[in-house]
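Worksheet for the structure shown next.
Start at 1 with the first residue, then count along the sequence. Just so it is clear, the model here is predicted, and its values are computed rather than measured.
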Amino acid sequence: MEKGAFKEFKHEHHFEELNDETLITDLFYYKPPFGILGKIADKLFLKKYMIELLTERNRIVKQFAESERWKEIISK
């Protein structure tokens, strides 16, 4: 991460062929800002929010990849 609200933020995608399918693994690491207040926010809601955000994002990517909808993005 070069700019943004988080103290540190790293998100990697790893792809692996597995039995004629593609396994995608997300590696996600972040440190919340604002010291102890950020750590408290992380425990209370931020971690849950980030997991839900990535889960929904991955659901949409899967939906596009497994249908013809990916063409909507590529053709732009």
Side-chain angles (χ1 to χ4, degrees):
M1 181 178 85
E2 306 231 352
K3 271 180 143 177
F6 290 93
K7 188 173 182 178
E8 290 182 42
F9 188 97
K10 186 175 184 179
H11 185 188
E12 297 178 4
H13 304 279
H14 296 264
F15 300 87
E16 178 182 348
E17 187 175 337
L18 187 65
N19 300 323
D20 292 328
E21 295 185 344
T22 302
L23 175 64
I24 303 172
T25 303
D26 272 331
L27 297 179
F28 184 73
Y29 171 79
Y30 69 94
K31 279 189 180 179
F34 311 122
I36 189 71
L37 292 177
K39 288 180 183 181
I40 292 169
D42 191 45
K43 295 271 191 223
L44 292 176
F45 63 87
L46 184 59
K47 182 177 180 178
K48 181 179 184 278
Y49 170 79
M50 296 305 287
I51 290 170
E52 289 173 357
L53 178 73
L54 287 174
T55 300
E56 177 63 9
R57 181 193 148 279
N58 289 345
R59 185 191 66 76
I60 292 168
V61 168
K62 183 178 191 299
Q63 181 183 50
F64 270 74
E66 292 179 345
S67 70
E68 296 294 310
R69 294 192 66 195
W70 60 269
K71 293 177 183 177
E72 296 172 24
I73 298 168
I74 300 298
S75 64
K76 291 183 179 183

Tracing side-chain contacts under 4.5 Å among Ile, Leu, Val, Met, Phe, Trp and Tyr outward from F15 reaches I24
The side chain to side chain contact (heavy atoms under 4.5 Å, CB included) partners of K31 (sequence neighbours excluded) come to K7, E8, Y29
Across all chains, not counting sequence neighbours, the side-chain hydrogen bond (donor to acceptor under 3.5 Å, both in side chains) partners of E66 are K62
With sequence neighbours left out, the residues meeting side chain to side chain contact (heavy atoms under 4.5 Å, CB included) with L44 are I40
side-chain hydrogen bond (donor to acceptor under 3.5 Å, both in side chains) filter on E68, not counting sequence neighbours, yields K71
So the ring pair (Phe, Tyr, Trp, His ring centres under 6.0 Å) pairs with at least one residue in residues 42-66 (sequence neighbours excluded) are none
dist M50:CE -> Y30:OH (nearest 0.5 Å) comes out at 6.5 Å
So OG1 of T55 and CD1 of I60: to nearest 0.5 Å the spacing works out to 11.0 Å
So salt bridge (Lys or Arg N to Asp or Glu O under 4.0 Å) across residues 32-48, not counting sequence neighbours, yields K48-E52
Those residues at least two apart in sequence (or on a different chain) that pass salt bridge (Lys or Arg N to Asp or Glu O under 4.0 Å) with E17 are none
Taking every heavy atom of P33 against every heavy atom of F6, the minimum-distance pair comes out as CD-CA, 4.0 Å
Joining Ile, Leu, Val, Met, Phe, Trp and Tyr whenever any side-chain heavy atoms lie under 4.5 Å apart, the cluster holding L18 also takes in L23
So does E12 have more than 12 non-hydrogen atoms from other groups sitting under 6.0 Å from CD?
yes
Tell me, yes or no, whether the heavy-atom count around F34 atom CZ, taken from other residues, nucleotides or ligands under 6.0 Å, exceeds 12.
-> no
Fill in: ILVMFWY cluster, L53 and V61 together (side-chain gap under 4.5 Å)
no
Hits for side-chain hydrogen bond (donor to acceptor under 3.5 Å, both in side chains) against E16, two or more places apart or cross-chain, chain-then-number order -> none
side-chain hydrogen bond (donor to acceptor under 3.5 Å, both in side chains) filter on D26, not counting sequence neighbours, yields H11, H13, N58
